[in-house]
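Notes follow the structure.
Below, chains carry the letters A, B, ... as their sequence lines are ordered, and counting in each starts from 1. All values derive from a computational prediction rather than experimental measurement.
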Amino acid sequence: MSEKEIWVFVEQDSGEVEETSLGVLSKARELADSKGFKVAALLLGKDVGGLAEEVGAYGAHKVLVAEHSLLERYLADPYFQVVSALIEERKPDTVLFSATRNGRDLAGRLAVRFKTGLMAHVISLDYSEDGRLVGGVPGFGGNIVAIVKHTKGMPQLATVAPGVFEPRKEWSGAEVEVVEPRIDESKVRMRVVERSVGKVLDISKSKKVVIAGMGTGGNLEPAKQLAEVIGADIGVTRPLADMGVAPRDLQVGSTGVVLKGDLVIVLGASGAPHFVSGIRDVGTVISINKDPEAPILEYSDYFAVGDLFEIVPRLVEKLRRGG
Amino acid sequence: MELKNIIVCLKVVPKPEEVKFDPETKRLDRSQARNEINPADKNALELALQLKDKHGGRVIVVSMGPPFWDKYLKLAVAMGADDAVLISDKALIGSDTLPTTLTLARAIQKIGDYSLVLCGEESSDGSTGQVPPGIAEWLGVPHVTYVSDIEVAGEGLARVKRTIKGGHEILEVRMPFVAAVELGCNTPRFPDFRRKRWADREFQPKVWSIADLGLSPEEVGFKGSATEVVELQEAKPPERMKKKISGSPDEVAEELARVLLDLL
Ligand SMILES: Cc1cc2nc3c(=O)[nH]c(=O)nc-3n(C[C@H](O)[C@H](O)[C@H](O)COP(=O)(O)OP(=O)(O)OC[C@H]3O[C@@H](n4cnc5c(N)ncnc54)[C@H](O)[C@@H]3O)c2cc1C
Ligand SMILES: Nc1ncnc2c1ncn2[C@@H]1O[C@H](COP(=O)(O)O)[C@@H](O)[C@H]1O
């Protein structure tokens with residue numbers, strides 16, 4: 001290999017491509033163009049060859065396709081085997097992942113396999129003069145960002161916070177190379193026996209979101225009614241997702257979804273750092289909290305003091321009447 | 001089936017909202033922050049204790065950190081852990097996940113005879129979530145992340161519930177393996193009062209140095225790490241207007257309605 005390569009692990013599930021990995025791919029292309037590197041997308045799956053061209057359009061010079069029935073959906077053992085064998089054989093300079101559950105699962109193990117550095121959940125990405133990967137790594141729920149430099153090992157690894165980089169479908173003519181996945185089935189020590197998934201609403205794209213916190217006691221009714229009159233989607237804080245009143249995919253925050261819309265209304269959430277990192281980029285933040293000193297005040301444009309169960313029904317009523 | 005050792009990796013973290021950033025020195029000020037057991041690690045410990053209640057075995061807590069963490073290990077023992085190991089050594093200062101996973105894996109091997117290693121899904125300070133899969137690679141055993149439940153399914157086999165996009169899946173996994181346990185998936189028990197008194201007064205965690213694990217100073221700490229922190233920055237959320245709206249529920253609703261109708 002003459003030119004250095006940046007690889008991007010493009011996640012898919014049963015043929016559906018994870019959009020946040022395409023954003024990473026577009027960012028990789030931008031970095032590669034400035035450095036004279038090449039970009040390869042890694043596409044593992046079952047019958048996914050047909051997606052390769054489409055994936056490539058998000059910034060790959062080349063799409064490496066590995067197909068096997070064990071790769072239909074993410075499974076740690078076979079995915080790790082295939083990706084580590086490819087890295088070993090072709091020695092890319094950098095491998096990037098979207099910091100989804102699966103991306104983090106795979107990258108964490110690869111870092112030890114190759115005794116190399118891994119930056120987690122970066123919100124910015126660049127190379128230093130001497131060609132080392134440098135990333136902004138958020139900590140303490142996002143209040144502090146450490147600028148971290150890769151110092152040792154190859155490939156240089158990073159997982160990228162979902163949604164930081166926009167997918168851009170601006171390239172064409174990516175070469176597609178089908179590679180033989182190397183899987184030793186005797187060393188696959190796990191199998192999926194059951195799966196239960198529903199359609200997920202991606203609230204990272206919602207313009208307006210009403211978020212229910214623990215102040216609702218897990219009762220989503222007020223949030224739902226308010227959301228309905230203003231045409232918003234619903235989100236929750238982590239403890240509500242923990243309780244199971246809403247799916248994890250509707251959880252806002254550092255371990256959930258980062259919102260970007262125009263408006264959020266936060267009902268009964270205290271404003272913990274891990275939560276606030278999910279609403280910091282939103283246009284307007286309105287919150288309702290019965291504690292006049294709740295930390296969420298700091299992060300709100302409008303902060304209504306009072307019991308949400310008394311305020312929300314009245315507000316809904318007034319909005320229905322048009323003020 | 002009888003379980004053997006169930007090892008829980010437990011970290012102590014400052015409460016995130018109490019850590020301050022000093023813009024002058026560009027350093028973190030943790031002096032005002034209270035510490036706690038990393039929240040997800042308490043869920044991992046609870047799951048370990050539940051498994052022990054059903055299937056026997058010994059729950060052993062392992063931590064890599066400074067000597068003052070022994071207080072939190074005693075707390076874990078008061079909750080029901082049978083034993084605790086603290087790996088503490090000045091050479092470990094500055095370790096990123098590569099030496100951290102190496103050190104924890106060595107300690108786990110030294111304890112030995114384990115059926116399961118349970119970690120938290122991520123730490124509330126570092127939040128990398130990469131320690132559990134890393135430990136598994138050093139140990140050469142499988143790993144599963146975002147685990148909300150584990151059931152023993154037969155000889156050497158477990159059924160593991162893993163959160164995935166849009167729902168969950170159940171995996172059958174060969175033991176031993178490393179699981180990263182989801183924050184909030186169970187309610188950690190309170191320490192037993194009498195056990196707590198005993199642990200505070202009489203229990204001493206084992207303390208191991210890197211030499212006890214056969215590691216050299218070059219393999220750990222700053223030297224053994226593969227990344228370095230170049231600088232710290234504060235990532236303040238944007239300034240907000242902070243307009244307080246108070247009054248009777250009706251007045252507040254009225255004002256909010258006005259604000260909303262203006263915005264929409
Ligand atoms: C590693 C890690 C990751 C995390 N990730 C996330 C994440 O992604 N998202 C997330 O949300 N959290 C996350 N958390 C948890 C976070 O730290 C907080 O515990 C959580 O956000 C608190 O949720 P809350 O504000 O709904 O509940 P609480 O903190 O309990 O706040 C409830 C609020 O409701 C108010 N209230 C009560 N009753 C009423 C009423 N009737 N009317 C009006 N107000 C009322 C109270 O005054 C209080 O301010 C994470 C924690 C850790 C350790
Ligand atoms: N220093 C440590 N000592 C013991 N366990 C740790 C340590 N660091 C991380 N862990 C474990 O790894 C999990 C994930 O941490 P992290 O990868 O740092 O987000 C934690 O929840 C702990 O279970």
Practice item. Take V112(A) and L98(B) through the side-chain contact (heavy atoms from CB on, under 4.5 Å) test and state the conclusion after the steps. Key: CA-CA 6 Å; V112(A) 168; L98(B) 194 60; 4.2 Å; yes
Study note, to complete from the structure: If one checks every heavy atom of R248(A) against chain B at 4.5 Å, the contacting part turns out to be side chain
Review point. Looking at residues at least two apart in the chain, or sitting in another chain, which of them share a salt bridge (Lys or Arg N to Asp or Glu O under 4.0 Å) with R113(A)?
Key: E88(A)
Exercise for review: May I ask you to test the R30(B)-F140(A) pair for a side-chain heavy-atom distance under 4.5 Å?
Suggested key: yes
Check your understanding: Roughly how far, to the nearest 0.5 Å, is the OG1 atom of T187(B) from the CE atom of M243(A)?
Key -> 10.5 Å
**Study point:** Region of S225(B) in contact with chain A, defined by heavy-atom distances below 4.5 Å
**Key:** backbone
Exercise for review: Start with the C-alpha distance between E228(B) and K149(A), add both sets of side-chain angles, then the distance that settles salt bridge (Lys or Arg N to Asp or Glu O under 4.0 Å), and finish with yes or no.
Suggested key: CA-CA 5 Å; E228(B) 71 179 19; K149(A) 184 176 170 184; 5.0 Å; no
Practice item. Among the options E137(B), K243(B), K26(B), pick out the one with the most heavy-atom pairs lying under 4.5 Å from chain A. Key: E137(B)
**Study point:** Which atoms of E122(B) approach chain A - backbone, side chain, both or neither, heavy atom under 4.5 Å
**Key:** side chain
Review point. So which part of V276(A) gets closer than 4.5 Å to some heavy atom of chain B, the side chain, the backbone, both or neither?
Key: side chain
Revision key, fill the gap. Cut-off 4.5 Å, heavy atoms of chain B, and the answer for N102(A) is both
Review point. Does any N or O in the side chain of Q130(B) come within less than 3.5 Å of the main-chain N or O of L118(A), such that one atom is a donor and the other an acceptor?
Key: yes
Exercise for review: Please name all residues satisfying side-chain contact (heavy atoms from CB on, under 4.5 Å) with D249(A), sequence neighbours left out, ordered by chain then number.
Suggested key: V200(A), P247(A), K165(B)
Exercise for review: Taking the side chain as every heavy atom from C-beta outward, state whether L75(A) and L171(B) have any atom pair closer than 4.5 Å.
Suggested key: yes
Review point. Should V192(A) and I170(B) be marked as a side-chain contact (heavy atoms from CB on, under 4.5 Å) after you check the CA-CA gap, both sets of side-chain angles, and the distance that decides it?
Key: CA-CA 6 Å; V192(A) 176; I170(B) 310 276; over 6 Å; no
Point to revise | Closest non-hydrogen atom pair between G117(A) and T227(B), with its separation | key: CA-CG2, 3.9 Å
**Study point:** Side-chain (T151(A)) to main-chain (A226(B)) donor-acceptor, under 3.5 angstrom
**Key:** yes
Practice item. Go through the atoms of L232(B) and report whether side chain, backbone, both or neither lie under 4.5 Å from a heavy atom of chain A. Key: both
Exercise for review: Please look at K208(A) and chain B and tell me whether the side chain, the backbone, both or neither of the residue comes under 4.5 angstrom of a heavy atom of that chain.
Suggested key: side chain
Review point. Which one of P237(B), P16(B), S124(B) satisfies the side-chain contact (heavy atoms from CB on, under 4.5 Å) criterion with P273(A)?
Key: P16(B)
Check your understanding: R174(B) and S186(A): which non-hydrogen atoms are nearest, and at how many Å?
Key -> NH2-O, 4.1 Å
Exercise for review: Pick one of side chain, backbone, both or neither for S196(A), based on which atoms fall under 4.5 Å of a heavy atom in chain B.
Suggested key: both
Review point. Which heavy atom of A235(B) sits nearest a heavy atom of G142(A), and at what distance?
Key: CB-O, 3.5 Å
Check your understanding: So do the side chains of T128(B) and T159(A) get within less than 4.5 Å of each other, counting heavy atoms only?
Key -> no
Point to revise | Part of H150(A) lying under 4.5 Å from any heavy atom of chain B | key: both
Review point. Are the side chains of H168(B) and R195(A) in touch, meaning some heavy atoms are under 4.5 Å apart?
Key: no
Check your understanding: L157(B) versus chain A, heavy atoms under 4.5 Å apart: side chain, backbone, both or neither?
Key -> neither
**Study point:** Residues D96(B), K152(A): salt bridge by 4.0 Å N-O rule
**Key:** no
**Study point:** Between R104(A) and Y146(B): side-chain donor-acceptor atoms closer than 3.5 Å
**Key:** yes
Check your understanding: Do S300(A) and K242(B) have side-chain heavy atoms sitting under 4.5 Å apart?
Key -> no
Exercise for review: Enter the distance from L315(A):CG to L256(B):CG here, rounded to the nearest 0.5 Å.
Suggested key: 5.5 Å
Exercise for review: Answer with side chain, backbone, both or neither: which region of I286(A) has an atom nearer than 4.5 Å to a non-hydrogen atom of chain B?
Suggested key: side chain
Review point. Where on V188(A) is there a heavy atom nearer than 4.5 Å to chain B: the side chain, the backbone, both, or neither?
Key: backbone
Review point. Going from CH2 on W138(B) to NZ on K115(A), what distance comes out if it is rounded to the nearest 0.5 angstrom?
Key: 4.0 Å
Practice item. Give a yes or no on whether the backbone of K236(B) and the side-chain of R280(A) come within a donor-acceptor separation of less than 3.5 Å. Key: yes
Exercise for review: Please look at L263(A) and chain B and tell me whether the side chain, the backbone, both or neither of the residue comes under 4.5 angstrom of a heavy atom of that chain.
Suggested key: side chain
Point to revise | Under 3.5 Å donor-acceptor, R189(A) side chain and H143(B) backbone | key: no
Review point. Do you know the tightest heavy-atom contact between P249(B) and E310(A)?
Key: CG-OE1, 3.0 Å
Revision key, fill the gap. Here the gap from N143(A) atom CG to Q233(B) atom CD, rounded to the nearest 0.5 Å, amounts to 13.5 Å
Point to revise | Side chain, backbone, both or neither of T101(B) within contact of chain A (heavy atoms, under 4.5 Å) | key: side chain
Revision key, fill the gap. Heavy atoms of P142(B) and M190(A) approach each other most closely as CB-CE, 3.7 Å
Exercise for review: Compare all side-chain heavy atoms of R240(B) with those of V285(A) and state whether any distance is below 4.5 angstrom.
Suggested key: yes
Review point. Would you say K187(A) has more than 12 foreign heavy atoms packed within less than 6.0 Å of its NZ?
Key: no
Point to revise | Residue pair I144(A) / L28(B), side-chain heavy-atom distance below 4.5 Å | key: yes
**Study point:** chain A contact via V230(B) - which portion, at a heavy-atom distance below 4.5 Å
**Key:** both
Review point. At a heavy-atom separation under 4.5 Å, does A76(A) approach chain B through its side chain, its backbone, both, or neither?
Key: side chain
Check your understanding: Does a side-chain heavy-atom distance below 4.5 Å link V305(A) with V252(B)?
Key -> no
Check your understanding: Tell me, side chain or backbone of L102(B) under 4.5 Å from chain A's heavy atoms, or both, or neither?
Key -> neither
Revision key, fill the gap. On a heavy-atom basis, the closest approach of R314(A) and D250(B) is CD-OD1, 3.5 Å
Check your understanding: Which bit of V19(B) comes within less than 4.5 Å of chain A, counting heavy atoms only: side chain, backbone, both or neither?
Key -> side chain
Check your understanding: Under a 4.5 Å heavy-atom cut-off, does chain B meet the side chain of L110(A), its backbone, both or neither?
Key -> neither
Check your understanding: Between atom CD1 of I311(A) and atom CD of E255(B), what is the distance when rounded to the nearest 0.5 Å?
Key -> 12.0 Å
Point to revise | Contact class of I288(A) relative to chain B, heavy atoms under 4.5 angstrom | key: side chain
Review point. Considering only heavy atoms, which portion of E18(A) lies under 4.5 Å from any heavy atom of chain B: side chain, backbone, both, or neither?
Key: side chain
Study note, to complete from the structure: Cut-off 4.5 Å, heavy atoms of chain B, and the answer for I265(A) is side chain
Review point. Is any NZ, NE, NH1 or NH2 atom of the basic residue among R73(A) and E169(B) found under 4.0 Å from an Asp or Glu carboxylate oxygen of the other?
Key: no
Point to revise | Separation between OH of Y302(A) and CG of L263(B), rounded to the nearest 0.5 Å | key: 6.0 Å
